[in-house]
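Read through the structure below, which is laid out as structure tokens, and then see the notes.
Letters A, B, ... are given to chains in the order of the sequence lines, protein chains preceding strands, and every chain is numbered from 1.
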Amino acid sequence: MSTKPNLIQPRTLKGFRDFPPQMMIPREALIATAKRVYSSFGFSPIDTPALEYTEILLGKGGAETDKQMYRFEDNGGRDVGLRFDLTVPFARFAAQHIGQLGTPFKRYHVGLVWRGENAQRGRYREFIQCDFDTIGTVSPTSDIESALVIHSLFRELGFERFTIRINDRRLLSGVLESQGLVERQGDVLRALDKLGKIGPEKVAKELIEGAGLSAQEAQAVLEFSALEGSTGEMLAKAESLVGDSEAGALGIASLRELFRSVEAAGADPARFALDLSIARGLDYYTGTIFETFLDDLPGIGSCCSGGRYDDLAGLYTKEHLPGVGASLGVDRLLAAMEELGMVDGTSAPCPVFMPMLEKERDSDYLALAMELRAAGLGVELYPEPRKLGAQLKYADRRGFRVAVIAGSREFDAGTVQVKDLVQKSGQDHGRKDAPAAIRALLGV
RNA sequence: GUGGGCAUAGCUCAGUUGGUUAGAGCGCCGGAUUGUGAUUCCGGAGGUCGGGGGUUCAAGUCCCCUUGUCCACCCCA
């Protein structure tokens with residue numbers, strides 16, 4: 001008979017992660033910033049279930065997302081799947097509730113999504129998206145405001161060097177239309193998306209062998225994607241390539257207005273770039289497309305992507321519900337910020353630390369801590385009397401900025417010592433004056 | 001799903017053509033120091049060398065499998 005307990009190895013699934021406080025605190029701060037920015041543009045919060053009927057999700061993102069979807073039969077025999085993004089469930093939500101919501105409807109949504117693909121840096125199987133979308137209007141103003149939301153968001157998160165790459169699917173559609181190649185759009189888009197990575201020769205090869213284009217057609221498509229120059233110049237050249245296609249003309253006009261408007265609105269024009277090669281792998285986009293890259297870490301991929309999808313909700317309702325919005329990749333961005341040294345690694349959940357010196361006075365400590373909390377100051381009371389140096393080290397490591405130190409001496413005299421943990425200096429104050437002294441140190 | 005690189009203490013890593021009891025720095029805990037974080041000194045804990053199998057007198061080291069991780073592809077947040 002074995003005397004050893006049969007321990008289960010503690011572990012998480014591949015691509016699924018635990019979050020200790022020093023990760024969770026910046027993650028929550030990032031989400032709080034996103035919510036603040038979204039709200040300031042008039043987006044309201046919603047939530048939807050993680051699990052949906054498979055028929056709601058299947059075939060909405062494309063062959064790839066279908067393959068990556070976590071799908072199973074529930075205990076009631078229903079065919080169900082975990083959502084792989086927040087846009088498809090939102091389209092379902094809007095189709096179901098639009099009668100009560102009215103249009104236009106603007107929502108933001110923070111939630112976990114799941115994709116069963118191989119994990120890499122900045123790529124996980126379970127990750128948070130933080131979406132904002134406007135549904136029920138085709139107004140270009142919503143496209144423009146979407147770009148402005150992304151701009152404000154990255155600014156508020158502390159980024160100066162980022163680029164919002166913008167394209168419009170109608171441009172390529174126009175080129176394809178004028179070449180009579182509309183049905184091949186999906187394959188062509190996917191091939192073009194690789195332009196920056198594998199170069200024009202290989203893309204041409206893929207266009208011919210993969211998408212079945214003639215050499216001449218491939219050349220026209222490539223010429224379009226490789227356009228260079230200023231935004232104005234590129235748009236002028238693109239205009240000639242889309243020929244008399246109506247969709248192409250609309251796309252050109254829309255992009256012109258967008259670039260003009262974001263600048264007129266006061267955003268930094270250097271943060272926006274026309275990029276005719278970005279395509280977005282998800283099939284539901286129909287117009288404007290956004291991808292946001294960090295100039296200092298482009299390799300991690302797009303941290304905020306989106307665009308206009310005018311037909312998605314049409315899968316669930318006969319009502320026309322065009323939409324536009326984007327998705328912030330919280331976990332990818334967090335990985336990037338960590339790599340760029342933008343997270344400080346501390347994990348103090350509140351500003352004030354209170355060491356315990358004498359166990360016999362613990363009700364005095366509890367009362368003092370409550371007194372400070374009532375004054376609006378978060379306090380962590382150390383639960384046992386250890387050497388003061390050790391307790392201060394504990395506080396220091398967690399990033400506390402202020403310690404409130406008291407023992408019999410202070411309790412009997414009705415004072416406390418307020419210590420600046422950064423400057424390493426302390427000063428005695430009467431208990432009533434302590435909150436003000438702490439606030440002065442915190443600069444609030 | 002495909003191809004490749006890694007896996008040794010909590011962290012970063014040494015470890016020679018296979019050869020005695022697997023090391024260092026940092027960190028952690030205790031003490032010098034009964035109420036103040038550094039430095040210094042002393043002491044301590046912590047490893048089935050990712051897991052399994054094989055070759056060998058002998059494997060951290062070589063071979064196979066497996067798991068994890070990273071990179072590239074695919075795709076994407």
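- Considering Ile164(A), Val149(A), Leu333(A) as possible partners of Phe154(A), the one that fulfils the side-chain contact (heavy atoms from CB on, under 4.5 Å) test is Leu333(A).
- Considering only side-chain N and O atoms, Lys393(A) lies under 4.0 angstrom from the phosphate OP1 or OP2 of C28(B).
- Within 3.5 Å, a donor on the side chain of Glu410(A) pairs with an acceptor on the base of G35(B), or the reverse.
- Between Tyr309(A) and Tyr285(A), the ring planes lie perpendicular to each other; the angle is over 60°, past the 30° to 60° tilted range.
- When the P atom of A77(B) is taken as reference, atom CD1 of Ile128(A) falls 16 Å away, rounded to whole Å.
- Using atom C1' as the reference point in both U12(B) and C57(B), the two lie 37 Å apart (nearest Å).
- Electrostatic pairing of Arg123(A) and Asp331(A) does not count as a salt bridge here, judged by no charged N lying under 4.0 Å from a carboxylate O.
- C28(B) atom C1' lies 14 Å from atom NZ of Lys387(A), rounded to whole Å.
- OP1 or OP2 of A72(B) has at least one side-chain nitrogen or oxygen of Gln120(A) nearer than 4.0 Å.
- By the 4.0 Å N-to-carboxylate-O rule, Asp396(A) lies too far from Arg398(A) to be salt-bridged with it.
- Here, A38(B) and G30(B) have their P atoms 13 Å apart, quoted to the whole Å.
- Comparing Leu13(A) and Asp331(A) by the nucleotide of RNA chain B that holds the closest heavy atom to each, the one mapping nearer the 5' end is Leu13(A).
- If you check U39(B) for Watson-Crick or wobble pairing at under 3.5 angstrom, you find it has no partner at all.
- Regarding contacts with the backbone of G27(B), every side-chain N or O of Arg397(A) stays at 4.0 angstrom or more from both OP1 and OP2.
- Contact of Glu117(A) with A77(B) (side chain to base): a donor-acceptor pair of N or O atoms is detected under 3.5 Å.
- With His429(A) contributing its side chain and Thr415(A) its backbone, the two residues share no donor-acceptor pair below 3.5 Å.
- A straight line from CD1 of Ile278(A) to P of A77(B) spans 11 Å, rounded to a whole angstrom.
- Looking at heavy-atom distances under 4.0 Å, Asp420(A) makes contact with a base.
- Here A72(B) sits opposite U2(B) as a Watson-Crick or G-U wobble pair (both hydrogen-bonding atom distances under 3.5 Å).
- Salt-bridge annotation for Lys14(A) and Glu117(A): absent, with no side-chain N of the basic residue lying under 4.0 Å from a carboxylate O of the acidic one.
- When the side-chain nitrogen and oxygen atoms of Arg121(A) are compared with OP1 and OP2 of C71(B), one or more of them lie within a distance under 4.0 Å.
- Of the nucleotides present, U67(B) is the one that pairs with A7(B) by Watson-Crick or G-U wobble criteria, both distances under 3.5 Å.
- Atom CG in Asp85(A) sits roughly 18 Å away from atom P in C75(B) (whole-Å rounding).
- If you take atom P in G60(B) and the same atom in U16(B), they sit 12 Å apart, rounded to whole Å.
- A77(B) atom P lies 7 Å from atom OH of Tyr284(A), rounded to whole Å.
- Rounded to whole Å, atom P of C75(B) lies 14 Å from atom CZ of Arg115(A).
- Comparing A9(B) with A24(B), their P atoms are spaced 14 Å from each other, to the whole Å.
- For the C1' atom pair drawn from G19(B) and C13(B), the interatomic distance equals 24 Å after rounding to whole Å.
- For Leu328(A) and Phe16(A), each mapped to the nucleotide of RNA chain B holding its nearest heavy atom, the one lying further toward the 5' end belongs to Phe16(A).
- One can place CG of Asn118(A) at 14 Å from P of G4(B), the figure rounded to the nearest angstrom.
- Nearest nucleotide to the Arg123(A) side chain, out of C74(B), G37(B), A77(B): C74(B).
- The partner of U21(B) is absent, by the rule that a Watson-Crick or G-U pair needs both atom distances under 3.5 Å.
- Taking atom NZ on Lys67(A) and atom C1' on C76(B), their separation rounds to 13 Å, with Å as the unit.
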